[in-house]
Amino acid sequence: QHDDALGMLEPHTSALVISAALFSIVCGFSHPDHGYVSFDRVTQVASILLLGPAPAALLNGLASLLYPLHRVLRGESWRSAVDAAMANAGMMILIILAAGSAYQKAGGDTPIGALSTPAWIPLLVMMTVLHLSNELCMAWFLWLRERKPWRRIASFSYAVEGFSILIGISVAAILPQIPLPEGILLLIILATGMVVVRQLAMLRQTLSRQIAERTQELEAKTAQLDRLAKVDALTGLPNRRSLENRLDTLFDGPAEAREGLYVAILDIDHFKQVNDQHSHALGDEVLRELGNMIRSNQFSQDSAGRYGGDEFILCLQRTQRHAARDTCQALLQQFSQHRWSSTNQPVHVSASIGLTAVRAEDSRTTALARADRRLYAAKSAGRNQLRADDDAHAA
Ligand SMILES: Nc1nc2c(ncn2[C@@H]2O[C@H](COP(=O)(O)OP(=O)(O)OP(=O)(O)O)[C@@H](O)[C@H]2O)c(=O)[nH]1
């Protein structure tokens, strides 16, 4: 007979079921992919089989409503905890009533007589199907409300679910058959198992979080090192290595990429004197400011940089002879007219440029060597000037 009259509930039975239900909910854990995974089915199934669907629904529903206390103690807001508890309790009561009725319809006894009763199979199937429907409804609801993507329905939560249901069935079948001390021992072993699984899950979660944090730090450091390896610290322009790589790419690529390509070498005039007569700090400021000027001119941004000391390489792509000359002249003029602020006495600093058009047969070395010869010619001619291929005396 199906004895699940609510009036027959003993206070100590009710207290035990509510405590067990609370314990099995609290022993859950948040899984990054599957959300909150808990063992509450153990108590739900055991209480359906021992007390009947209606008392089980009542007691587990009550436990679910009490659960917010625990979540609030963990720092969640009352509002969100109560919201979640109401939704949980409602779904749980429905699942218990439906699965419990299926069990009774299949001829299952309350309390369950033995594990050999096949009526627990519809209970297991119903519980799993209802869990799946619950998941689908939640996913659909979250998608409707927050456009959250659908969570993957993975085997893990079903493994926990199925395992919990089987434990619940076993507990219900075994508990009434054994003496009280053994029964208590069984419950203690079960509770310890839940705590251990929970602790292992939390440990796994902490480790994954730490690994994710370290990976992020390492990626940031690698990106920083990568940047430092390519950039000149003083001017912020590409450094020699990065410039050479860039020029190699240009020179190794198709000949069309070098059409209209001009390469210039700029060297500050008597820079040693700037350092010696004023200060190294002013020397640094001159280099930094020249870097800013180069950046704000029309040089190919990734192919203009500091080649070393007071020497800079400038590339102009897809341009013409006059335009290349004008750009270089404008830079020399801007640089020589700059008023250096870090000193009281007036300081005049100028630079010289050797400019050359890249030829079809050029390699990086031959083009730079020709630009260097033009620079030498500019220095020899008195500095603060530009020498290009077509200038008189250009070497
Ligand atoms: N302040 C400062 N000086 C630097 C830095 N790197 C190189 N120098 C100085 O730049 C100077 C380069 O001098 P040189 O190229 O030999 O000759 P110069 O005095 O510029 O004379 P010319 O090139 O013939 O006009 C040296 O005195 C270096 O010490 C730097 O990062 N900061």
Side-chain angles (χ1 to χ4, degrees), residues 224-247 262-297 299 301-316 324-325 327-356 364-389 391-395:
Q224 194 189 6
L225 282 176
D226 199 41
R227 209 183 70 82
L228 286 178
K230 290 180 183 160
V231 169
D232 169 54
L234 187 67
T235 59
L237 289 175
N239 62 14
R240 184 183 186 119
R241 188 149 63 109
S242 149
L243 262 178
E244 285 180 342
N245 284 342
R246 173 66 187 145
L247 289 175
Y262 284 74
V263 176
I265 303 182
L266 177 152
D267 188 282
I268 302 175
D269 299 330
H270 299 306
F271 191 51
K272 188 172 179 333
Q273 286 175 21
V274 177
N275 275 330
D276 293 349
Q277 289 173 9
H278 302 280
S279 67
H280 206 269
L282 179 70
D284 281 356
E285 196 200 322
V286 169
L287 288 169
R288 251 192 311 268
E289 191 52 45
L290 178 57
N292 289 338
M293 289 176 191
I294 290 173
R295 237 192 310 276
S296 53
N297 270 281
F299 303 104
Q301 286 304 312
D302 48 358
S303 312
R306 188 174 173 199
Y307 203 52
D310 62 344
E311 209 170 76
F312 293 77
I313 287 199
L314 316 166
C315 285
L316 288 140
R325 281 189 73 107
T327 306
C328 290
Q329 288 283 19
L331 176 65
L332 287 183
Q333 198 176 2
Q334 187 186 4
F335 182 62
S336 64
Q337 286 174 356
H338 189 84
R339 299 187 67 81
W340 302 101
S341 57
S342 64
T343 177
N344 292 330
Q345 58 188 120
V347 182
H348 297 289
V349 191
S350 64
S352 305
I353 290 183
L355 171 71
T356 190
R364 163 166 69 91
T365 322
T366 55
L368 284 183
R370 202 163 54 248
D372 203 38
R373 287 201 297 278
R374 310 284 181 260
L375 172 67
Y376 184 76
K379 292 268 180 185
S380 306
R383 294 179 170 77
N384 192 20
Q385 58 189 285
L386 168 80
R387 272 284 186 275
D389 298 332
D391 291 329
H393 314 300

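In listed order, ligands and their atoms are each counted from 1.
Taking atom 10 (O) of ligand 1 as the reference point, the nearest protein heavy-atom neighbour is Phe271 CD2, 3.1 Å. The protein non-hydrogen atom at the shortest distance from atom 17 (O) of ligand 1 is Asp310 OD2, 4.6 Å. The protein atom (non-hydrogen) at minimum distance from atom 32 (N) of ligand 1 is Asp284 OD1, 2.7 Å. With hydrogens left out, the protein atom closest to atom 7 (C) of ligand 1 is Gly309 CA, 3.6 Å, a heavy atom. For atom 19 (O) of ligand 1, the nearest protein heavy atom (residue, atom name, distance) is Lys272 N, 2.8 Å. If you check which protein heavy atom lies closest to atom 3 (N) of ligand 1, you get Asn275 ND2, 2.8 Å.
Checking side-chain atoms of Arg306 against main-chain N and O of Gly309 turns up a donor-acceptor pair under 3.5 Å. Without hydrogens or angle criteria, Ser296 side chain to Asn292 main chain gives a donor-acceptor distance under 3.5 Å. The backbone N or O of Asn384 lies less than 3.5 Å from a partner atom in the side chain of Ser352, making a donor-acceptor pair. Between the side chain of Arg387 and the main chain of Ala381, no donor-acceptor pair closer than 3.5 Å is present. A distance-only check finds a donor-acceptor pair linking the side chain of Asp269 to the backbone of Ala351 [under 3.5 Å].
Residues forming a side-chain hydrogen bond (donor to acceptor under 3.5 Å, both in side chains) with Asn297 (at least two apart in sequence, or on another chain): Gln334.
Under a 4.0 Å criterion applied to the non-hydrogen atoms of Lys379, ligand 1 contributes the atoms 22 (P), 23 (O), 25 (O). Close contacts of ligand 1 with Gly283, meaning ligand atoms under 4.0 Å from a residue heavy atom, involve 1 (N). The Asp269 neighbourhood of ligand 1 comprises atoms 25 (O), with distances under 4.0 Å to a heavy atom of that residue. Each of the following atoms of ligand 1 lies closer than 4.0 Å to a heavy atom of Ile268: 20 (O), 23 (O), 25 (O). Contact atoms of ligand 1 toward His270: 18 (P), 19 (O), 20 (O), 21 (O), 22 (P), 25 (O) (distance under 4.0 Å to a heavy atom of the residue).
Among Thr327, Leu331, Ile265, the single residue meeting the side chain to side chain contact (heavy atoms under 4.5 Å, CB included) criterion with Leu314 is Leu331.
At least one N or O atom of Asp267 sits closer than 3.5 Å to an N or O atom of ligand 1.
Here Lys230 pairs with Asp226 in a salt bridge; the nearest charged N to carboxylate O distance falls below 4.0 Å. With salt bridges taken as basic N to acidic carboxylate O contacts below 4.0 Å, none links Asp310 and Lys272.
Neither side chain, Arg383 nor Gln385, offers a donor N or O lying under 3.5 Å from an acceptor on the other.
Residue-level proximity to ligand 1 for Arg383 is carried by the side chain, the only part with a heavy atom below 4.0 angstrom. Contacts of Val274 with ligand 1, taken as heavy-atom pairs under 4.0 Å, are absent altogether. Contact annotation: for Arg306 versus ligand 1, heavy atoms closer than 4.0 Å belong to the side chain alone.
For atom 15 (O) of ligand 1, a protein heavy-atom neighbour is found at a distance under 4.0 Å. Shown here, atom 22 (P) of ligand 1 is in close reach of the protein: a heavy atom of it lies under 4.0 Å off. Atom 26 (C) of ligand 1 lies below 4.0 Å from none of the non-hydrogen atoms of the protein.
Here the CG atom belonging to Asn245 is positioned 11.0 Å from the OG atom belonging to Ser303, to the nearest 0.5 angstrom.
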